[in-house]
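Each remark here refers to the structure printed beneath this line.
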Amino acid sequence: MSQPPLYIGIVGAGPSGCYVADALGRKLPGARIDIFDRLPTPFGLVRGGVAPDHQGTKNIARQFERTLGKDGVRFLGNVAIGRDISCDELRAAYDVLVVTIGALEDRRLGIPGENLDAVYGSGQFVAWYNGIPDGRELEPKLDGKSVAIIGNGNVALDIARLLGKTPDELASSDLCAHARAAFEAARIEDIWLIGRRGPLEASFTTAELAEFGELSRVATLVDGAALPEIIPEHFDAEQRKLAEKNLDVLRSYAARGDQGDRPLRIHFLFNAAPVAIRGELRARELVLARTRTENGRAVAGGETFAIQADTIISAIGYRSKPLPGLPFDSARGIVANEQGRVEPGVYTAGWCKRGPQGVVPANRADSLAVAELILADLAARQASGKRGGALIDSLLAQRGVQPVDFAGWQKINAAEVAAGQGRPREKLTRLEELLAAAQG
Ligand code: NAP
């Protein structure tokens, strides 16, 4: 008698989930793969995280479309694990379960004033401008002259760049209509990009840093005296290369002078650690401690100063949200795992496995490694008698949950592209609009 099919469930249809599905689908041609997402739309951070003006990065979605459209693969959007289906039910249905839920929760600054109005985490802010339904209502206050962005990673640069672009410069992006309107209405004059360590330790990459030099209304302000002459001996080759390239761009910004005729100034402020946010009900000032970098760490010497900050966005990294019924490492904010193994038959990949580091290709490599691990473990597989998606379908039907399938996503996609009118797309940003479009 032939073996029953292998049933694989994947929670999270972002890049990591799609890469795992693709790798397992190729190696296990008879397998039935179900990919769940809490949203009616697939592709995770490619849709909801990657900056809307970085359309080239989003092209990878075409490859993921092909994966989701393959025989044996099903997309089940609008199904939240923990709400509609439990982890135990997934364990009961699938021979292999892979959790690729990313890292959706903002890390906290842990300073007084953090809960004031007009203080946002980058996850919230990015979800808002990228039109994720549950971030849609944020309506961040962008009504002041000065915005402080805390963090020296690429997310901080994405936010500063989008705020710095003119409507014309955003014309070829898929920035959502509500965010375009808010950016156009804003009268921001100063954006502070704040690193708690020095320029050598910044984690942003050079191409992203160099983009500021091309923005027509932006003056890039860097204190040339804050830029080190020498790169320390202990930097490895990769760190040295990044630091040298970043320093070249920062030096070119410092050499531009104050560019006084430009209406929006972006200040690159290094060695400044946030210690408090001040204001009545809403943020108005960010208090910073001057630091020096010692043995790779930011050390404050006691001197503090304040900058006007009518809006504060912390772009300091993310944590995963615990999935009810699945072991969680709360110290690291990830799914508890040993190199991708969570427990027999349950695996994890991507940001929820290793923390929020690395761009899409890094997550591809991680997903491929976890797929190899799964294949190795499956060598000892016994017939399990599990029912796969049939069990899940009956549970969803009993609970009145209607998943959005791949055809439903294609209808959403077509509606958004048609509404784009010269832009790549005009995203539907409310759950009910997305569900209606999925019905066609
Ligand atoms: P990130 O690169 O880890 O940057 C986080 C920044 O926050 C660091 O500068 C860090 O400083 C700072 N930070 C952390 N805790 C802080 C605190 N308490 N106070 C002040 N500063 C603090 O993370 P990310 O920007 O969120 O990006 C996540 C990943 O996505 C990265 O791999 C990034 O490259 C990738 N990404 C790529 C692109 C792109 O390629 N265009 C765009 C967006 C994101 P320390 O270094 O001192 O800890």
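If you're wondering where the values come from, they're calculated on a predicted model, not measured in any experiment. Remember, it's 1-based here, ligands and their atoms both numbered in the order they're listed. Values reported hereafter were calculated over all heavy atoms of this structure, with side chains retained and with hydrogens, waters and symmetry mates removed.
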### Query
Which residue pairs pass the salt bridge (charged side-chain N to carboxylate O under 4.0 Å, His left out) test with at least one member in residues 214-238, sequence neighbours excluded?
none
## Note on the structure
Using heavy atoms and a strict 4.0 Å limit, residues surrounding ligand 1 turn out to be His54, Arg107, Ile150, Gly151, Asn152, Gly153, Asn154, Val155, Asp158, Arg196, Arg197, Ser203, Glu208, Pro274, Ala315, Ile316, Tyr318, Trp351, Pro356, Gln357, Gly358, Val359
#### Entry: Partner residues of Tyr253 under the ring pair (Phe, Tyr, Trp, His ring centres under 6.0 Å) criterion, sequence neighbours left out
Phe268
### Task
Flag the pair Lys427 / Asn130 as yes when at least one side-chain heavy-atom distance between them is below 4.5 Å, and no otherwise.
yes
### Query
Should we say atom NZ of Lys27 is surrounded by more than 12 heavy atoms from elsewhere, each under 6.0 Å from it?
no
#### Entry: Flag side-chain contact, heavy atom, 4.5 Å: Arg38 against Leu104
yes
### Query
For Thr348, what residues pass the side-chain contact (heavy atoms from CB on, under 4.5 Å) criterion, not counting sequence neighbours?
Val99, Val335, Asn337, Val342, Cys352, Lys353
